[in-house]
Structure formats: C-alpha cells, structure tokens
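To start, the structure itself, in structure tokens.
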Amino acid sequence: LGPKVLHPQFGTITRQTSPPQLRTSNRNRQKTHRLHHLGRSNSSRSSSSSLMITRKSNPSKAALFLAAYLLSFPDHVQAAQYGAAGTGGNYSQVSWQGGNETTTSSPTSWSESTNLFSSRTNAPTKAPTDDNPSTAAPTSTPTSDALILPIIPATLTCPTILTKSTEIDPASTLHYEIVPSNPPGSTNGLLCGRLETKSHDGWVGLALSRNLVMPRSEAIIGIPMDDSVRKYDLSSYDAAGGITVMEEDKQTLRDASIDITEDGTTIMEFAKLLVEDDEIPIMEEGVNIFLYARGGDFLGLHWYRRSYKKDFAEDIFVPVLSCPDVLSMSTVLENMNATLHYAIVPSNPPESRNGVLCGRLEAKHDGYIGIAFSRTTSMLGAEAIIGLPSDDSVLKYNMNDYNDGDVVPMREDRQTLRDTSFDMNEDGMTIMEFTKLLVEDWQIPILEEGENIFLYAAGGYELGAHSAHLSFTKDFAEDIHVPSVEEEGGELELLAKDCTKELCDLELDSDYLLRYKLNIPEDSSAVECTGCTISMELIYEGEAWISIAFSNDGKMVGSEAVIGTPVDGNVLKYIMESKVMSGVERMPESQQTLMDASIEVTDDGQTIMKFTKLMREPGEIEILTGDDNYFLGAYGIDEVLATHIKRHSVVLNLASGVSEEVATPYKAAWLAHGIMAFLSWGVFVPFAVQASVLRAFLPKGSTWKTAQG
C-alpha cells in the first residue's frame, strides 16, 4: 500500500506511524479505526505503524476489506479480533497493542458471532460504558495474540527519466534505473527498464541467467502481437516446451507495456522487483548475467541472441571532460598542406571511457576535409569525421566501400561529436574543429597508449572522390611526430608485427576476432616454408558454432573450412560444395590433420576455437606466406551447425599483416539466398510441423470436396 490511497468502496486508506490513539467520533457518520502493526517480540522493528481506514458507510464492506487485508499476509498475522454489529455504520476496533499500552474498545452491542477470526479470540469480558467507550479496559490484558500485522515496506516507483543505458548491440539498447531497496535489506528494490530494438517488429526478451546459457534462466518477454509482457521460465533450448509462462502469482511486473513506434522500433517497458521468492535475484552490487533475444510475431525460435554482464554498482557519475583552451600538440601531414592540432584528455576516473580527443584540422584547401580512424590503413571499414563546406556540417561517417555512395553518415545516436565547427577563411585555410570520445561502443577506439592509424583526405565542395589523401600513425603516449605512410597507387608500405613470433590480430567484425601465428621450422624459410604451420585462435562474443574457411577467390563454394561446434566439442575440416547445408561435407578421416584443436564456451559467454594447420597439404588449398590469402569467417545462431547468420571475407597477406575486406559478390543473389532461407525455415517448415500435429483434428473422411455439375 502506498502512503495514501482513495479506494472507491472503502474510502481513504492511510498508512501511518504514530502513537496509539483511537478516534470514535460519530461526526458525519465517519468512523476512523487504526490497526497497529508490530513486529514479533524478537523483531528488530520496535516502532509501530498503523493502517487507518476512514469509512462513511456500509460497515460490512469495511469488515470484509480488513479481513481480506489480514488474510493476504497469513504467514505474518498471529491473531486478529474484529467485531461488527448493528447497522448504520456503528462499528469500532476491538483491540490493539502499541508501545507499552494495551487498549480495547468494542461497540455498544457486542456479538460474538461477528468475530472474523474466532479461533484465537481475546474478547473483552466487559464492554466499555457509553460515557467513555475509549477508556474502558478489559478484565484481562490481551496477550501477544492481539492484532499483529507486518510492517509493509513502501511501494517504490520508477523515475520519470531512465538516465542509464547499455547498448546490447547496434540495434538494441536497454535504458534502465536501479531503485535500491528502502529500507536497506528489504526486498522492494526495482529494476526499471525500457528495452528499445530498432528496425524490428517481433517479440523481444531480456532474461536473467546463472551461467550465460538459456536453460534454467528466467525471462521477461514482450509480444507485440498480443500486447503482452510476462515472465517466463526457460527450462531448455526447445522453443515448443522449454519456454513456459510463470504462474499467475509470479506475474509481478509493474508498468509493463510493449509498443511498436512509427519508425519501426519495438519498445518494451517494465518494472521488476530485484528480489523475489524462488527467482534469480538482480544484485544491486555484483555481476548480473543477462541474455537478450528477439524473434518473430509469435514466440518461438529467436532470430538473434546475445549475452552480457552488468554490475550496477559501477553506475557511478562520470563527468563530461572539457578540452583545453590551447591545443599544444600538432602533427604536420606531409605534402598535404595540412596540420592536425590536438590534445588528449585522459579518462577520469580511469577506465570510465570519458576521455576525449580534441582536434583542430587546418588545411590550405577550399573543399571538404576529413580525418578517419582505421584498423589497417585501408579506407574500407574506416570511420571518419568529415567537414563539408556545402552545409558547414561536421559529422561522423562509415566508410563501407571505395565508392562515393558508400561513404554514409553514421546513424543519429552515434553522432556524438562535441564543439564542432567548420570554417573557410580569407587566407584560403579550411579549419575543422571537433571533440570526440576516445572509446565508443561499436566504433574503432582511439588509444591513449599505443599506435593509432589515421587517414586524411580532402576533396571538392560536395562529398565525393578525394583529390588528396594520406595515412599516418600516432602514439599519443609519445607525443612526437611519427613519419607518415603515404598511399601510392593503392599500395601501402606499413611496418607490421612479426607474426612468426607473436599472435597477430585481425578483427573480422565487432564480435569476431581472428588471431594467428606462423610457425616456420628452423631448417626452412618464409619463402620456401617447407613444413610450415599456422596456429589460429578465433574468438566470438557469443555462444555458437564458428568457422574459418580458405578460398581461392573469396567465395564460399569451393572453399575449405575448419568448423567448430561447441555442442559436441568437434573441430573438423569440411569441403564447401554448395551454399546449402547438404553441400557442407566433412573431409575424409585421412584429411583430418588438425593439431591441438579445441573449442569451448567460456563463463563470459565467448566461443573460442583453437587449432594448428599445415599450410601446404596435398589436394587442399594452400595458405601462402608471401602472397594474398582469401579467408572467410562465419558463425551461426547457436551451437549446432546450421545456416550462418553472418559471413565475412577478407584478403590477408601473412608476410605484411595487411588485410582488406572483400566486398560480397552477387549481393542480389545473397539477398535472395537469405530470403529463401527465411521462408523455408521460418515459414514453411513450422507450417508443415503444425499441419502434421493438428491433422488429427480434421474431420474424418475426404477433406477436399470437388464441385460437380
């Protein structure tokens, strides 16, 4: 109960803490009664609180209300006495105990048969007189069986604005607030959540897990098709029988709703108690494991899932850092008539991800200018800050390909630049200013310590092909000028790590990392590479089958893959004969030559596959040391080998360490491939299963009638 509620039948209900007092005034036929709540004798709660009911008429309903209130706490109520007699609102409280006093009052006409809890009664042997009804004492003091009700913690509410958020993936964000239990130690704390999923119009779910896996987890699932947001038990991976709605008494969510906005965003809102009986608790301090998933119109197999961990104690205030008035450091971009003036403001407190790069890019140029962040010195996959004279804008861009149309602004929620400006002065100088966070979700980080790869470009009045471009590296810990690496004719000269002595990293996508190392025998060389092997480690941020394939042309058909399936712990070699599952054939046992092969799912929800492979094997695609290799990375939706949900093709030169993503050929064909896969597995197969299951309900005899005549 809240502090004050206006009930449509029982009048005003107020929860108070005050010294015991009884009002029996009949003024305006209004009766006031207090039932004082005391903890048990060994309880730490020593103060009393009261429930006050103000009633203007109909005493029988008030009595029933009190009875329902008492019966709703059967484990705490020790005894209660309440009598009602007569009509016209003539009723009063029988007894209470408060502090060191015991006071008893009864109506002028007492009826033993009206006692609601007759099994444990301490009815007074003598009624008070009409002259002083509130002070008449019973012949014996009531024992601890007098009315005792639990002290009810306040019902907490969610704030209007949820100030914290976690980006689950580029399409999904959980906005939330933790309302701590009050008083501390009680179980009325709340997780207030708003889960937003862009470009999606099906069900969404957020589950609590004990061990990063779906079985034995507990989920909040919203289904727009029936406007429901309910709690579910997830007992297994089986969508048909492993996902069940919790019992009605466990459906304790408050302020729950699900909606699809006009722009195609599914929004699920809820408030959930942090601690509930026989459920996984949400800890105010400590690591909580969450599972996120989304699917179609009706609850079934998920289309996408992800796990992550969250310690709400880490939600500390992080200040917004400002740039210094003077940018004292600078890097001259050779032969470009351009200079980058900058300052690095480190994160404060450390690891809080609020550090910024403060930049002012000046160029003797009269068109657009841009600075980009890259992983490989290649424009492909880089992320840029570009200033345009056509509209004086300074925005962040994704560089998806070399074509003009593939350099596109990032979506609105990633346009996080501050203090931006673009100006072209009379001296022919173009000046772009910006402040950018060093670390942002799903974006290339700017390292405070370590090598950063930058790209510079300049072009015309409108965004298009650049007329000048350059790549350079910078370690801000050194704050010294690093000679630039010029890009001539598309060929890059770059000092790379020695991948024969340490693992080199290649990020296939934001969730998939390839690490590799060349093993060259002492009696051979990198040129001959007789007996050379390559050790690979693939790390996927999720739980699924993963693979790496070797191709002659960057295409799936005809490639040879190493595939790991966590469900059975196998890491084996396959031939990819076609794009359907039946065309993925395991190589003969004589070709299963992998060494030190393993696959595991860690406690952090990562899938890690390791193996060592001969680079030159009879009848197989050779992995080259001094030339380009086509590698294909892929992973699935879960641990059982099936159609992949993502695939990446890269060209990697093992000698230089330079890689470049390969554009997917036949995009229209791949789109058709995806659509047909969805229709077959997402539509027709479920219909076929349902038809088989439900055919018993069809009428006996011929189902189809042919019209004649």
Side-chain angles (χ1 to χ4, degrees), residues 164-176 178 191-198 200 202-223 228-246 250 253 256 258 266-270 272-276 278-283 286-296 299-312 441 510-512 539-546 566-567 600-608 635-640 645-646:
K164 302 176 181 65
S165 64
T166 295
E167 187 177 77
I168 301 172
D169 66 16
S172 305
T173 301
L174 176 66
H175 303 271
Y176 68 90
I178 290 291
L191 167 62
C192 308
R194 184 176 74 253
L195 180 60
E196 298 182 356
T197 302
K198 298 181 179 180
H200 179 68
W203 66 262
V204 294
L206 187 70
L208 285 160
S209 173
R210 293 180 172 89
N211 53 7
L212 284 166
V213 296
M214 175 178 165
R216 297 182 62 237
S217 60
E218 299 160 1
I220 300 170
I221 300 177
I223 306 175
S228 68
V229 179
R230 289 180 291 223
K231 293 160 64 178
Y232 290 76
D233 283 314
L234 309 181
S235 58
S236 71
Y237 293 106
D238 182 12
I243 304 175
T244 56
V245 181
M246 289 189 183
K250 290 194 173 185
L253 298 176
I258 188 164
T266 297
I267 300 177
M268 180 176 72
E269 295 182 297
F270 61 89
K272 183 191 181 304
L273 288 167
L274 300 180
V275 179
E276 302 188 71
D278 300 321
E279 296 184 25
I280 300 173
I282 302 173
M283 293 181 286
V287 176
N288 298 277
I289 300 174
F290 290 96
L291 310 178
Y292 165 79
R294 58 179 179 258
L299 186 58
L301 289 175
H302 48 66
W303 296 349
Y304 175 87
R305 68 169 180 171
R306 187 177 181 84
S307 62
Y308 69 96
K309 296 181 178 180
K310 181 65 183 175
D311 186 344
F312 294 110
D441 289 336
S510 58
D511 290 329
Y512 202 19
I539 304 172
Y540 170 59
E541 297 294 333
E543 305 166 34
W545 65 263
I546 58 178
V567 68
E600 64 171 339
V601 177
T602 68
D603 292 340
D604 295 331
Q606 292 180 325
T607 302
I608 301 176
Y635 50 83
I637 197 170
D638 55 28
E639 300 179 7
V640 180
I645 60 171
K646 228 171 191 183

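Positions are given from 1 along the sequence.
Ring orientation note: the planes of Tyr176 and Phe312 are nearly perpendicular, at an angle over 60° on the 30°/60° scale.
For the atom pair CZ of Arg210 and CD of Glu218, the computed distance is 5.5 Å after rounding to the nearest 0.5 Å. We find the CZ-NE2 distance between Arg194 and His175 to be 5.0 Å, quoted to the nearest 0.5 Å. Considering CG of Asp511 and CG of Asp169, their distance stands at 8.5 Å, rounded to 0.5 Å. Interatomic distance, CD1 of Ile539 versus OG1 of Thr602, reported as 9.0 Å (0.5 Å rounding). Once rounded to the nearest 0.5 Å, the distance linking CD1 of Ile282 with NZ of Lys310 reads 13.5 Å. Taking CE of Met268 as the start and OG1 of Thr197 as the end, the distance is 8.0 Å to the nearest 0.5 Å.
Within the 3.5 Å criterion, the main-chain N or O of Ile168 finds no donor-acceptor partner in the side chain of Thr166. Looking at Ser235, its side chain does come within 3.5 Å of a backbone N or O of Gly242 through a donor-acceptor pair. One N or O on the side chain of Asn288 and one on the backbone of Met283 form a donor-acceptor pair closer than 3.5 Å.
Between Ile280 and Ile289 the shortest side-chain heavy-atom distance does not fall below 4.5 Å. The side-chain heavy atoms of Met214 and Ile243, taken from C-beta on, include a pair separated by under 4.5 Å. By the 4.5 Å heavy-atom criterion applied to side chains, Glu543 and Pro566 are not counted as neighbours. Proximity of Arg305 to Leu291: side-chain heavy atoms (C-beta onward) are nowhere separated by under 4.5 Å. Residues Phe270 and Leu206 have side chains in contact (heavy-atom distance under 4.5 Å, counting atoms from C-beta outward). Annotation: side chain of Thr266 is not in contact with side chain of Trp203 (no heavy-atom distance under 4.5 Å).
Ion pairing of Asp233 with Lys250 is absent here, as no side-chain N (NZ or NE/NH1/NH2) approaches a carboxylate O to less than 4.0 Å. Under a 4.0 Å N-O distance rule, the pair Lys272/Glu279 qualifies as a salt bridge.
Between Ser172 and the options Glu196, Arg294, His200, a side chain to side chain donor-acceptor pair (under 3.5 Å) holds for only Arg294. Partner of Tyr232 under the side chain to side chain contact (heavy atoms under 4.5 Å, CB included) criterion, out of Ile220, Leu299, Thr244: Leu299 alone.
Nearest heavy-atom pair across Leu208 and Ser217 is O-CB, 3.0 Å. Residue Gly542 comes nearest to Thr607 through the heavy atom pair O-OG1, 2.5 Å, listed as atom of the first residue, atom of the second, then distance. Among all heavy-atom pairs drawn from Asp311 and Gly286, the shortest one is OD1-N, 3.0 Å. In terms of heavy-atom proximity, Gly296 sits nearest to Trp303 at CA-CZ2, 3.4 Å. Scanning both residues, Ala256 and Leu253, for their nearest heavy atoms gives CB-CB, 4.4 Å. A pairwise comparison of heavy atoms in Gly605 and Ser307 identifies CA-OG, 4.1 Å as the closest pair.
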> Passes side chain to side chain contact (heavy atoms under 4.5 Å, CB included), Leu191 versus Ile178? Steps please.
Replying inline: CA-CA 5 Å; Leu191 167 62; Ile178 290 291; 3.8 Å; yes
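The side-chain tip of Arg306 does not point at the ring of Tyr292 from less than 6.0 angstrom away and within 45° of straight on.
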